[in-house]
Protein chains: 2
Amino acid sequence: MNQAAQIFKALSDETRLRIMGLLLEGELCVCDLMAILELPQSTVSRHLAYLRNAGLVSDRRQGVWMNYRLAAGGSGLRAETIELLRKNLAALPQARTDGQRLRRHLSAKAQAERRAACQGPGGLR
Amino acid sequence: MNQAAQIFKALSDETRLRIMGLLLEGELCVCDLMAILELPQSTVSRHLAYLRNAGLVSDRRQGVWMNYRLAAGGSGLRAETIELLRKNLAALPQARTDGQRLRRHLSAKAQAERRAACQGPGGLR
DNA sequence: TGAATATATCCGTCTATGCGGATATATTAG
DNA sequence: CTAATATATCCGCATAGACGGATATATTCA
């Protein structure tokens with residue numbers, strides 16, 4: 001019961017709900033979330049740690065980046081709660097706005113990477 | 001999103017989860033919950049008020065008693081969250097124990113009422 | 001009206017937690 | 001090794017909320 005309370009406590013903060021809403025769309029690193037949510041890095045990291053402790057997200061280091069994603073399936077309250085979010089979160093205005101910002105951010109990022117790739121390592125200059 | 005956070009915040013406390021678990025089995029008054037949970041009346045009332053503000057329970061006065069029950073169906077996050085609890089709470093040890101205490105309490109109460117009815121108003125003496 | 005009962009709210013106290021700047025750590029490139 | 005970058009954690013401050021005894025309110029009965 002205590003663990004159940006911990007799961008809900010992790011979801012009882014608007015910022016963490018926004019993060020969950022974004023992670024529903026896929027894996028993201030801390031700096032993506034900072035950019036989309038326009039929040040300081042310490043705030044984003046702290047909320048992610050909270051979600052990780054509750055078992056709702058898992059992290060995966062990839063070089064300098066730390067990628068976060070929703071905790072994998074399984075069963076029980078935790079998994080069903082994530083499904084609940086998947087069904088219900090997208091309808092909320094805040095989640096829609098965040099989703100738009102997410103897509104804009106990701107495409108800008110992809111374009112920047114493409115530019116960098118064209119110039120190549122060392123670059124044209 | 002804020003409202004969603006409020007729903008989860010209401011469920012983020014172990015005592016309130018225990019109350020929700022008991023109300024899943026039916027309507028109860030404050031004094032029933034006090035007896036089953038062995039908590040002071042002010043604590044029980046406070047938690048019930050919190051759940052009511054989150055829209056998770058509704059109250060209904062019946063004479064001196066205030067009966068609480070789970071908020072009626074409807075749709076959306078709130079209703080689906082209650083369904084989530086219905087599916088997952090009963091499996092938890094604490095909820096089982098509380099359920100046993102609930103049944104014991106209700107049958108003792110029914111028996112006391114029967115006794116009172118036999119003696120009738122005014123009583124045998 | 002007055003007593004009894006059930007409930008709601010008030011109060012002071014204590015802990016949990018949100019915030020964001022500052023600092024520490026980890027990884028990569030040179 | 002050093003610099004740069006991304007992230008985690010620390011810190012002090014402020015607020016939310018849990019607790020339970022005390023008090024206020026509402027209802028019923030005589």
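Source: prediction; values computed, not measured. Here is how names work: the chains are called A, B, and so on, in the same order as the sequence lines, proteins then strands, and each is numbered from 1. We use all heavy atoms of the structure for the numbers below, so side chains are in, but hydrogens, waters and symmetry mates are not.
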For the pair made of CG in A/Leu51 and C1' in C/dG18, what is the distance, rounded to whole Å?
14 Å
With A/Ala4, which residues qualify under side chain to side chain contact (heavy atoms under 4.5 Å, CB included), at least two apart?
A/Leu77, B/Leu17, B/Leu92
Check the distance between C/dG18's C1' and A/Tyr50's OH and give it to me in whole angstrom.
10 Å
Please identify each residue that fulfils side-chain hydrogen bond (donor to acceptor under 3.5 Å, both in side chains) with B/Glu25, with sequence neighbours left out.
B/Arg103
Considering just the side-chain nitrogens and oxygens of B/His47, establish if one lies under 4.0 Å of OP1 or OP2 belonging to D/dC19.
yes
Can you give me every donor-acceptor pair (side chain of residues 33-42 of chain B, partner residue at least two apart or in another chain, under 3.5 Å) with its distance?
residue, atom, partner, partner atom, Å
B/Gln41, NE2, B/Ser45, OG, 3.2

Residues from residues 2-18 of chain B sitting under 4.0 Å of DNA chain D, heavy atoms only?
B/Lys9, B/Asp13, B/Thr15, B/Arg16
Pairing residues for B/Asp32 by the side-chain hydrogen bond (donor to acceptor under 3.5 Å, both in side chains) criterion, not counting sequence neighbours
B/His105, B/Lys109
Measure from CD1 on B/Ile19 to P on D/dA18 and round the result to the nearest Å.
11 Å
More than 12 foreign heavy atoms under 6.0 Å from CD of A/Glu83: is that the case here?
yes
For A/Arg96, salt bridge (charged side-chain N to carboxylate O under 4.0 Å, His left out) partners two or more places apart:
none
Which protein N or O atoms sit under 3.5 Å from an N or O of nucleotides 5-12 of chain C?
residue, atom, partner, partner atom, Å
C/dT7, OP1, B/Val30, N, 3.3
C/dT7, OP1, B/Met66, N, 3.3
C/dT7, OP2, B/Cys31, N, 2.8
C/dA8, OP1, B/Tyr68, OH, 2.5
C/dA8, OP2, B/Ser45, OG, 2.7
C/dA8, N7, B/Gln41, NE2, 2.5
C/dA8, N6, B/Gln41, OE1, 3.0

To the nearest Å, how far apart are B/Gln62 CD and D/dT27 C1'?
13 Å
Partners passing salt bridge (charged side-chain N to carboxylate O under 4.0 Å, His left out) against A/Arg52 (at least two apart in sequence or in another chain)
A/Asp59
Donor-acceptor pairs under 3.5 angstrom involving side-chain atoms of residues 65-73 of chain B: please list them, not counting sequence neighbours.
residue, atom, partner, partner atom, Å
B/Asn67, ND2, B/Gln62, OE1, 2.8
B/Arg69, NE, B/Glu27, OE2, 3.3

